[in-house]
Amino acid sequence: MEWKRALADVAAAQLGLPADDVLAAVEYPPHPNLGDLALPCFRFAKVLRQNPAQLAAATAAALTASGRFEHVEVAGGYVNVRLHRQAVAARVLDLANRNPAGLYSRRRHAGDKVAVDYSSPNIAKPFGVGHLRSTMIGQAICRMLAADGFTVLGINHLGDWGTQFGKNIVAYLRWGDEATVRRDPVRELFRLYVRFHEEAKDHPELEDEARAWFKKLEEGDATARRLWQWFIQESLRAFEQTYQRLGVTFDYVLGESFYNDKMQAVIDELQARGLLTESEGAEVVDLSAWNLPPCIIRKSDGATIYATRDLAAALYRHDVLGADHLVYVVGSEQTLHFQQVFKVLELMDRPWAAHCTHVAFGMMKYNGERLSTRRGKVVYLEDVLTRAVQEARQIIEEKNPQLPEKDQVAEAVGIGAVVFNDLKNDRLHDVDFRWEDVLNFDGETGPYVQYTHARACSVLRRAQAEGLSWPPAPPATTLSDPEWQLVHQLAQSNELFERAVDRFDPSVIARHALDLCHLFNRFYHDCPILGAPAAERTWRLALTDATRQALAFALHLLGLAAPAAM
């Protein structure tokens with residue numbers, strides 16, 4: 001980023017335009033032969049009403065005169081720039097040597113606090129592959145925001161309230177067995193939940209019975225509360241096993257029920273501000289002036305719904321936990337809901353509503369079909385992780401049976417395959433879960449990134465065994481194309497990291513890691529490292545070490561382990 005910014009500063013002074021506007025126009029040429037950076041002048045020509053080729057020529061002259069660039073040339077309305085390769089290499093190695101995070105982050109948000117709501121599974125329902133998206137996108141976002149300087153509060157907003165618990169209670173009392181539930185709690189409770197919906201097709205009175213039991217739960221009935229708390233306890237125990245395997249942690253695990261005693265204050269404030277109106281017996285906030293449907297606060301039967309709890313939760317996260325920014329990693333089908341909630345917060349004169357962000361993501365499908373807990377169409381994430389780890393263990397036995405700590409490496413690689421297969425996709429795109437893709441350890445996969453990291457570690461271990469060291473100094477001679485292309489990609493780490501943070505999109509980091517791997521493996525094959533002459537060997541070891549650190553940090557941001565040997 002700093003070289004793009006240097007180009008933009010000089011060009012902006014020449015053009016008489018804001019530097020940020022010029023910076024936004026700087027590009028990477030489509031082919032290395034054209035240069036390292038390019039500035040198209042066509043948009044500036046329209047603003048300044050000048051010929052783009054003439055603007056490009058004047059800008060190129062200013063860039064050349066600055067002495068900050070190796071070579072500058074004009075191609076039509078483009079200014080193509082080559083950087084001082086050794087200066088860029090020196091800067092990259094210095095940043096990597098001081099702190100690998102320094103390659104990525106300028107810690108722009110030091111002093112800010114953000115609450116990130118993610119994962120949020122429903123109690124007494126399975127942790128399926130569909131939950132992987134919110135969980136791992138959310139975990140990666142937490143790590144990226146922390147690296148950018150935020151104090152991050154990770155919050156698991158459990159679905160532990162609502163009429164579904166009336167259904168769970170009815171199903172358990174009619175068809176359940178305590179011993180069977182205790183043997184495999186979540187799967188058995190889910191089986192009962194699915195049976196409830198199957199039975200309710202022919203016996204709709206079951207829905208009334210479920211509503212009655214949820215009403216008892218709301219009123220504090222002893223049997224209802226005992227079963228509800230048991231369902232929560234057993235579910236959390238099962239969820240925690242999955243979270244441990246994924247390396248996911250939270251600062252707060254607060255279910256929807258936590259906010260039950262905090263909702264009346266929200267309703268009272270809305271009433272006092274004159275924001276509540278009646279609509280078909282329900283109390284709502286009219287949002288028609290913003291082309292939004294009314295936000296229901298209390299239904300006609302007096303019950304509150306998601307919006308009421310989310311308003312109470314937002315106030316708690318800001319007022320009690322002290323978060324300046326609120327982030328919600330929730331599927332794109334909830335976009336309208338969050339638009340309503342954020343607008344109501346704004347109408348409640350909460351200026352921090354401007355810092356509330358819904359990070360939407362696409363749907364997880366299974367072989368092209370939508371998953372549905374109600375219909376029992378679920379792929380258990382625990383089964384997926386176990387199968388992926390077994391596959392990784394088998395590959396290790398075939399290719400490297402003498403590898404130390406094979407079980408730990410298999411766990412890291414198998415889970416890395418599952419997680420990376422999701423995170424490499426733009427978060428807004430739907431993901432089609434197919435076993436052949438998830439368990440494919442070749443190509444653009446998590447194991448490929450982990451293996452490249454392990455390859456760099458192996459080179460450095462061999463160098464250490466030979467008593468070699470590699471102070472972070474660039475080569476005395478001109479960089480070869482494979483060396484330069486790897487350096488150039490490393491030099492983009494900060495720019496791509498900030499893009500990932502600003503877009504709340506871990507796929508930017510995943511693609512950067514893949515690009516680093518492709519370029520490092522080309523460098524590894526084309527440029528001798530340990531067998532090179534002493535001066536080149538030292539430089540290439542330093543470049544290998546910088547790549548190792550960059551890959552390790554990228555894997556960390558994505559929530560993957562970085563094995564040193566595979």
Side-chain angles (χ1 to χ4, degrees), residues 1-92 95 102-109 144 148 354 357 426 428 478-479 481 484-505 507-509 511-512 515-516 519:
M1 174 66 86
E2 58 191 82
W3 296 278
K4 290 177 79 172
R5 198 171 290 279
L7 190 162
D9 287 344
V10 175
Q14 169 63 33
L15 296 167
L17 294 171
D20 286 346
D21 291 352
V22 178
L23 178 64
V26 180
E27 300 175 349
Y28 293 103
H31 194 280
N33 289 340
L34 296 174
D36 304 315
L37 297 172
L39 179 66
C41 293
F42 305 101
R43 73 170 75 173
F44 309 131
K46 289 183 180 180
V47 173
L48 299 173
R49 297 185 180 182
Q50 295 185 36
N51 182 283
Q54 292 176 336
L55 276 183
T59 302
L63 292 170
T64 300
S66 74
R68 302 174 73 176
F69 306 98
E70 179 76 26
H71 181 69
V72 182
E73 63 182 18
V74 176
Y78 284 86
V79 180
N80 293 326
V81 175
R82 292 192 185 281
L83 302 175
H84 290 289
R85 293 184 171 187
Q86 288 176 298
V88 177
R91 178 66 172 152
V92 164
L95 288 171
L103 268 174
Y104 288 85
S105 175
R106 295 181 294 161
R107 296 187 62 81
R108 297 174 299 169
H109 293 283
M144 293 188 319
D148 207 20
T357 305
D426 185 300
L428 290 173
T478 304
L479 279 70
D481 284 344
W484 170 243
Q485 288 169 21
L486 179 56
V487 167
H488 197 215
Q489 186 66 36
L490 286 166
Q492 295 173 48
S493 297
N494 166 250
E495 177 184 355
L496 294 171
F497 169 76
E498 292 184 358
R499 183 182 304 168
V501 171
D502 294 343
R503 295 180 182 178
F504 296 96
D505 190 358
S507 74
V508 178
I509 299 296
R511 303 309 308 184
H512 174 53
D515 288 340
L516 280 176
L519 294 169

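Residue indices begin at 1 and follow the sequence shown. All values derive from a computational prediction rather than experimental measurement.
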State the CD-CG distance between Q489 and D515, to the nearest 0.5 angstrom.
-> 4.5 Å

From H488 NE2 over to R85 CZ, what is the distance, rounded to the nearest 0.5 angstrom?
-> 9.5 Å

Do L48 and L17 pass the side-chain contact (heavy atoms from CB on, under 4.5 Å) test, and can you show the C-alpha distance, the side-chain angles, and the key distance before you say yes or no?
-> CA-CA 9 Å; L48 299 173; L17 294 171; 4.2 Å; yes

With Y104, which residues qualify under ring pair (Phe, Tyr, Trp, His ring centres under 6.0 Å), at least two apart?
-> H512, F553

In Å and rounded to the nearest 0.5 Å, what is the CD to CZ distance from E2 to R106?
-> 9.5 Å

Gap between atom NZ of K4 and atom CG of N494 - 0.5 Å precision = 11.0 Å

Any salt bridge between R68 and D9, counting N to O under 4.0 Å?
-> no

Find out whether D502 and R108 are in side-chain contact, i.e. whether some heavy atom of one side chain is under 4.5 Å from a heavy atom of the other.
-> yes

Scan the side chains in residues 56-63 for donor-acceptor partners under 3.5 Å anywhere in the protein, sequence neighbours excluded, and list what turns up.
from, atom 1, to, atom 2, distance (Å)
T59, OG1, L55, O, 2.8

Closest heavy-atom pair and its distance - T64, V72 | OG1-CB, 3.5 Å

CG (D505) and CG (L428) are apart, to the nearest 0.5 Å, by 7.0 Å

If you look only at pairs with a residue in residues 28-52, which of them pass as a salt bridge (Lys or Arg N to Asp or Glu O under 4.0 Å), with sequence neighbours excluded?
-> none

Below 4.5 Å, heavy atoms only, C-beta onward: do W484 and R82 meet side chain to side chain?
-> no

Below 4.5 Å, heavy atoms only, C-beta onward: do I509 and F497 meet side chain to side chain?
-> yes

NE2 on H71 to CG on N80, rounded to 0.5 Å | 9.0 Å

Minimal non-hydrogen separation, P40 against A25, with atom names = CD-O, 3.3 Å

Which atom of A500 lies closest to which atom of V508, heavy atoms considered | CB-CB, 3.7 Å

Just wondering, do V81 and L39 contact through their side chains at under 4.5 Å, heavy atoms?
-> no

Heavy-atom closest pair, residues A491 and W3 | CB-CZ3, 3.7 Å

Taking 4.0 angstrom as the limit, do R511 and D426 come out as a salt bridge?
-> no

Please report the shortest heavy-atom distance between A89 and L479, naming the atom on each side.
-> CB-CD2, 4.3 Å

Would you indicate whether the side-chain heavy atoms of Q50 and F44 approach each other to under 4.5 Å?
-> no

Closest non-hydrogen atoms of L83 and E70, given as atom of the first, atom of the second and distance, are O-CB, 3.3 Å

Do Q485 and D481 have side chains that get closer than 4.5 Å, going by heavy atoms?
-> yes

